[in-house]
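Written out below as structure tokens is the structure these notes cover.
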Amino acid sequence: MSSNQEIIDQLRIIGQLLEMDKANPFRIRAYERASQTLSGLTQKITDMTEDELKAIPGIGPGMIGHIKEMKATGTTKEFETLKKRIPESLLKLLEIPGLGPKRAKLLHDELNVKSLDDLKKAAEGGKLRALPGFGEKLEENILKGLSFAQAAGKRMLLWDAKMLMETLLKEIKRCPAVIETTPAGSLRRGKETVGDLDILCTARDGAKVIEFFTKLPQVEKIMAAGETKATVWLKSQIQCDLRVVPPESFGAALQYFTGSKEHNVVLREHALKLGYTINEYGVFEVKGDRLLTIDDRVEKGKRIAGKTEEEIYKALGLAWIPPELRENRGEIEAAKANKLPKLVELKDVKGDFHNHTNLTDGVNTLEQMVEAAQAMGWEWVFIGDHSQSLKIAKGLSPQKLHETIAQVRELNKKSKDFRVFRSMEVDILKDGKMDYEDQDLDAIDAVIASVHGSMKQPEEEMTARVSRAINNPHVDIVGHLSGRLLNRREPYQINTEAILELCKKTNTALELNGQPERQDLFDIHAHRAKNLGVPLAVTTDAHSIHQLAYMEVAVTIARRAWLEKKDLINTMNAEDLMDWLKNRKGSE
DNA sequence: GCCGTTTTCGGCCCGACTGTTTTCAGTCG
């Protein structure tokens, strides 16, 4: 029996190994694509029927066979056979810039290189330069690459990447040759972490922009620099790509450079069916001249779109697709049918449920948090804290809890045109019992139930534990369902599908947590929740007044999950919200 | 390996940059 992750990983690795084996490129892509598509699912793959699997684009008889094999034996013959010929450890070599599958395989076949260590020894011994296609320069670059292969594999948190991007854009705008500059890539798509920064510029003289960019003080090393494109390694230990195009290609380049790769591949296939071809310079008519250069095409008046993204999508018979949706998870089909969601926006949010004051582990007072919430332009706020068991965060005793509730009531009386409520992030104890007695929970305006300890429980235990909490009628919202810390801690094991269904049944909301290193739910789970009709709440989990700005992160997850205004309980006014909280159990 | 409003066979996204080459393969996004 295999987990979704194991199936997804194995298919991806088979694809990579096949690539080293010089297999049919389209066969390789089929594995890549199957792996990618399956990673968008929340249901257990091994529980799905053959017909359900067949209905997934990119999943055919071959992949179904592999899934069946993995369900029965935990692995596939294909993988085991490939592994004998090409050691899996060779995949590590692909993390080095400039090393791809072909060269990695050559290193293995000719020099018996099986690991990064082997590679280092061979490069230091000057053995690489003798290989066909290698030279002194490449050998040198590989040695340099070895030193930051580790850092190159790391992804930056979305929030940190945004801050860094702002600084870079400000610098680039100082270049006189630049007309316009804008972020693209996974940052623009709002992915929870960002592997590299992508920046798009319009200019007439690309070379001038490239020269200016590569000399910025933030740049540690230039990895590549041409007429229209540069790749640098920043001092912040992240790669940054700059692409320069003329203004009439801005939309096409932005579309292309925003990705995702998977979205673009499907979009281009769609274009081909219509008799067009897309590249970063525009949408062009094909008509039997696919070998024409871009300049020839422009000259012959074959460009039919390029200036704006809207124009690009429209030329392909599609509505403009918000960047957050561009992951090849059904957005192109939805755009075709004009059924794209009208995504929720930051301005639709009227308040926050989850944050902390200096009564527990926050840094600001209750009063300061309320004031800051008002400054956010919200209509109401629930101020929360940790419950008693979370000793490390000075969790509140029941007595202290009731005192603070009285304080909140006073504050509420004092504020005009703004409502203040008491929420609490209450621990779900190891056995699923809540960290306060029912009569204490009853006094809290909104109870957020979260797992904080004993995170290593097996899936069944964890599922039962969280289910027990959800079945407690006092629990209004389930807090960060995953428990992950990006780059630091894996999510805990839980049957998410079962939890979503129970939330639907009990009309319990799920939290989208805006802390940059948490960001749970996962976007795909939140999307599934929406489709099941589970209520959702965006929160900041702020531990200071400044962190209320993390609402932007939470809304980004919501948008990646296809959520609309109506899907979030934060978009209600205070009165409707209190009605909802009071009556939600009766609405079954 | 997958797929079909031209197809159950014959297609399958597209271009920039580097280093090794003397016309291009490999890598990358």
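Naming convention: chains lettered A, B, ... in sequence-line order (proteins, then strands); numbering from 1 in each chain. FYI, side chains are in, hydrogens and waters are out, and symmetry mates aren't considered; it's all heavy atoms of this structure.
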Just checking [X]: base, sugar-phosphate only, or nothing, at a heavy-atom cut-off of under 4.0 Å?
| X | value |
| --- | --- |
| A:Leu267 | nothing |
| A:Leu99 | sugar-phosphate |
| A:Arg33 | nothing |

Can you tell me, in whole Å, how much space there is between the [atom1] of [N] and that of [M]?
| N | M | atom1 | result |
| --- | --- | --- | --- |
| B:dT18 | B:dT7 | C1' | 40 Å |
| B:dC13 | B:dG29 | C1' | 12 Å |
| B:dG19 | B:dG10 | P | 42 Å |
| B:dT27 | B:dT21 | P | 15 Å |

For a quick check under 3.5 Å, do [X] and [Y] share a side-chain donor-acceptor pair by atom type?
| X | Y | answer |
| --- | --- | --- |
| A:Glu220 | A:Gln237 | yes |
| A:Gln10 | A:Thr76 | yes |
| A:Thr75 | A:Glu80 | yes |
| A:Asn264 | A:Gln255 | yes |

Filter on salt bridge (charged side-chain N to carboxylate O under 4.0 Å, His left out), then keep only pairs touching residues 34-47 of chain A, sequence neighbours left out; what's left?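 Output for this query is empty, none listed.
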Write out all pairs satisfying salt bridge (charged side-chain N to carboxylate O under 4.0 Å, His left out) with one or both partners inside residues 157-167 of chain A, taking only residues at least two apart or from two chains. A:Lys162-A:Glu552
[X] side-chain N/O to [N] phosphate OP1/OP2 under 4.0 Å:
| X | N | value |
| --- | --- | --- |
| A:Thr277 | B:dC14 | yes |
| A:Asn264 | B:dC13 | no |
| A:Gln239 | B:dC28 | no |
| A:Thr231 | B:dC28 | no |

Pairwise side-chain hydrogen bond (donor to acceptor under 3.5 Å, both in side chains) hits with a residue in residues 318-328 of chain A, at least two apart: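 Counting only pairs at least two positions apart or across chains, the side-chain hydrogen bond (donor to acceptor under 3.5 Å, both in side chains) contacts touching residues 318-328 of chain A are A:Arg189-A:Glu327, A:Glu309-A:Trp320, A:Glu309-A:Arg326, A:Tyr313-A:Arg326, A:Glu324-A:Arg559, A:Glu327-A:Arg560.
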Show each protein N/O and nucleotides 18-20 of chain B N/O combination with a separation under 3.5 Å, one pair to a line.
unit_1 : atom_1 : unit_2   : atom_2 : d
B:dT18 : OP1    : A:Ala225 : N      : 2.8
B:dT18 : OP1    : A:Ala225 : O      : 3.1
B:dG19 : OP1    : A:Asn141 : ND2    : 3.3
B:dT20 : OP1    : A:Gly135 : N      : 2.7
B:dT20 : OP1    : A:Gly135 : O      : 3.2
B:dT20 : OP1    : A:Glu136 : N      : 3.4
B:dT20 : OP1    : A:Leu138 : N      : 3.2

From the options B:dC28, B:dC2, B:dC14, select the nucleotide whose nearest atom is closest to the side chain of A:Arg268.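 Given the options B:dC28, B:dC2, B:dC14, the side chain of A:Arg268 is closest to B:dC14.
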Which residues in [range] have at least one heavy atom lying under 4.0 Å from any atom of DNA chain B?
| range | result |
| --- | --- |
| residues 305-333 of chain A | none |
| residues 83-93 of chain A | none |
| residues 17-26 of chain A | A:Asn24, A:Phe26 |
| residues 197-218 of chain A | none |

A:His527 vs A:Trp562 aromatic rings, parallel, tilted or perpendicular, using cut-offs 30° and 60°? parallel
Looking only at the aromatic ring of each residue, does the gap between the centers of A:His263 and A:Tyr256 stay below 6.0 angstrom? no
Take the protein atom CZ of A:Phe257 and the nucleotide atom P of B:dG15, then report the distance between them rounded to whole Å. 16 Å
Just how far, in rounded Å, is P of B:dG15 from CZ of A:Arg243? 10 Å
For nucleotides 3-7 of chain B, which of its nitrogen or oxygen atoms have a protein nitrogen or oxygen under 3.5 Å away, and what is each distance?
unit_1 : atom_1 : unit_2  : atom_2 : d
B:dC3  : OP1    : A:Gly58 : N      : 2.6

Return the set of residues passing salt bridge (Lys or Arg N to Asp or Glu O under 4.0 Å) with A:Arg489 (not counting sequence neighbours), or none when no residue passes.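 A:Arg489 satisfies salt bridge (Lys or Arg N to Asp or Glu O under 4.0 Å) with no other residue.
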Test for a donor-acceptor pair under 3.5 Å between the base of B:dG15 and the side chain of A:Tyr281, counting only N and O atoms.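 There is none.
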Could you list the residues that satisfy side-chain hydrogen bond (donor to acceptor under 3.5 Å, both in side chains) with A:Ser260, not counting sequence neighbours?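 For A:Ser260, the residues satisfying side-chain hydrogen bond (donor to acceptor under 3.5 Å, both in side chains) (neighbours in sequence not counted) are A:Glu262.
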Taking ring pair (Phe, Tyr, Trp, His ring centres under 6.0 Å) as the test, write out the residues that go with A:His270, two or more places apart.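 By the ring pair (Phe, Tyr, Trp, His ring centres under 6.0 Å) rule, A:His270 matches no residue at all.
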Base-pairing mate for B:dT8 - Watson-Crick or G-U, with both contacts under 3.5 Å: none
